Amino acid sequence: MTTTDTHCPYCSLQCGMRLRAPQAGRPEAVEVLERPDFPVNLGALCGKGRSAAAVLSPAARLTAPLVRDGRDGALREASWEEALERAATGLRAAQQRHGRDAAGVFGGGGLTNEKAYLLGKFARVALRSASIDYNGRFCMSSAAAAHRQAFGIDRGLPFPLADIPRSGCVILVGANPAATMPPAVRYLRELQENGGRLIVVDPRRTATAEPADLHLQPVPGTDLALALGLLHLVIADGHLDEDFIARRTSGFAAARAAAMAHWPERVERITGVPTEQLRAAVAMFTGAGTGMVLTARGPEQHSKGTDTVSAWINLCLATGNAGRIGSGYGCLTGQGNGQGGREHGQKADQLPGYRSIEDPAARAHIARVWAVPADELPRSGRSAYELLDTLGEDGGVRALLLMGSNPVVSAPRAGHVTERLGALDFLVVSDLVLSETAQLADVVLPAAQWAEESGTTTNLEGRVILRRKAVDPPPGVREDLYVLRELAARLGVRRGFPADPEEVFEELRRASAGGPADYAGISYARIEAEDGVFWPCPAVDHPGTPRLFLDRFATPDGRARFAAVAHRPAAEEPDAEYPWYLTTGRVVAQYQSGAQTRRVPELNRAAPGPFVELHPQLARRLEVAEGDLLAVTSRRGRAVAPARVTDTIRPDTVFMPFHWGGAGRANSLTNPALDPTSKMPEFKVCAVRVERAGVRPAEVTG
Ligand code: SF4
């Protein structure tokens, strides 16, 4: 047996784990063990992490390339040579017929830094196409945009998780770590044990909200008004930190004027949160000495997500809660490499190191590293939903390489996105499993995963860590880096696409040097020796930066910027035809689109399928009982799932988890209205009708 220290394949906590594996293969015999020395999770793992080895089994995944003969043919097994040749031919043919941008790339926030980096380079250098974006756009792009606007840099948490228990009060907005990353709950528990207060903002009384000192339960889509209302009270009650505002910020006057238009009674009318609770929250937050606001997808996945996050940042800045230990704003990133995946060039408008693709100096630097003329680098392309929405159209992408994403389940208005994928001339998917999206492909490439290859990820704290290879992939399975090298070669680019992850990382270091997300001083050896290194780390003798902003913010003048934002309604509000709010989210035993976790028996036993959560008052009104099949209909589609009746949700709101495809697909309903800045779709709120369904239970399994 061999023992390898590595990290979980799933969420952004990137828990440390130890894998014990037989030397002679047999992936089904791999054991996941605790790794108590890794500081983020100290050995604790949730059920997803503990059972992660199940997906290594050849029985659970793809083990040979698949190709489709003709548009209506079935997928059949093929050699790697045939599959790669077909993939390159399909991409090339689209470009010859429709221009360079007709071949596109769609990546994922779970890809390692090395894959994300090389995928961006593949689009810009091998395809020379502007058409690239990734599913991380659906994850944290609103927080990223607000972070950059306010602080000049986007790192989800500007401090380590270990700082949370050192705070006096934490406001957790639209975050449910008890379901999404259970080992992180320890930090909230320690906060309260130390005498700190926890305020949770969520339309549902979740397992995270249950032990909170205060739970605010707003109408979905009103977090912006709520934050403005709290700032109004901070100002009105004299809790401003005038000294901090004067020394370390700019733009307060306009933000103050905007907040003053959101007086408590108005905010109560908009949010449904009583004024006494607003006042209690302000008293807790301002009376604590230090305070943090942490957001997750709840306030971010909206057509006003950027402004909403900005309003919460305003609250921190106005009370002096930024740039000192125990205080600040942070975003709890979702996907495994949600942080690193957004830094190195998968985004439509971005080059490695978090550089802008429109910045001449950034283009010149990256062009030098890539040994191509700067004027040959494409410009910005379409954001994720815009790219998916125009697949197969004139002017849109006609041939798509999709890596590490399952938009048939995870994209908003998923029925429409599925149709657009079907309208492509050519689709190639690299994945571990035959996901719902891979089932539509012309070529499917079976990818190695997590424990079968080395690579770095960057966790939600900005800590760059190393997942080490522990076992060989099954015969017939290859690494994504190999796929990119082989496709690039078939497209005529034979240099610059190494298949060795450490070699890619060395190039990434050079590419990121001098950029906002600077990895120049980070190496595999340092990561292993130091349990991860926090970026920015511009030199090998630099210690890394666990805490940002202690001396200055990353703006040109070093000051954090207030944003003057005002409440506006959701893109779609309930009406007579669609009278209820729908909000979507996750459950503890499944992960994202479920492509991996739905193949793990013990997770399926714990979370076997979708459901519709509704309040007893609404259940009585609709005359439905626990377990009754409900049809939930929006202007975009219909989903069917059994009722789960609970008084933990608002009576005007229903909740569905989004991990399943098929008839119970929550994203059949969601609204693709986009935030104008971040291009985030409005996953978290839309208007629906709910009624009894006239279908058989068998039709609703995911
Ligand atoms: Fe994996 Fe996240 Fe669970 Fe940790 S909390 S074991 S990283 S899924």
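Atoms within each ligand, like the ligands themselves, are counted from 1 in listed order. All values reported here derive from a predicted model rather than from experimental measurement. Along the sequence shown, residues carry numbers from 1.
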Is the distance between the ring centroids of [X] and [Y] under 6.0 Å?
X	Y	value
F106	Y134	no
Y329	H147	yes
F38	H7	yes

Please determine which of N194, L294, L172 meets the side-chain contact (heavy atoms from CB on, under 4.5 Å) test together with I164.
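Only one of N194, L294, L172 forms a side-chain contact (heavy atoms from CB on, under 4.5 Å) with I164, namely L294.
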Which residue in the set T597, V587, V588 passes side-chain contact (heavy atoms from CB on, under 4.5 Å) when paired with L603?
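Testing each of T597, V587, V588 against L603, the sole residue satisfying side-chain contact (heavy atoms from CB on, under 4.5 Å) is T597.
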Run through the protein N/O/S atoms less than 2.8 Å from atom 2 (Fe) of ligand 1 and write them out by chain and number.
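Checking every protein N, O and S atom gives C11 SG.
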Does Q346 use its side chain to pair, donor to acceptor, with the backbone of G108 at less than 3.5 Å?
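Side chain of Q346 to backbone of G108: a pair is present.
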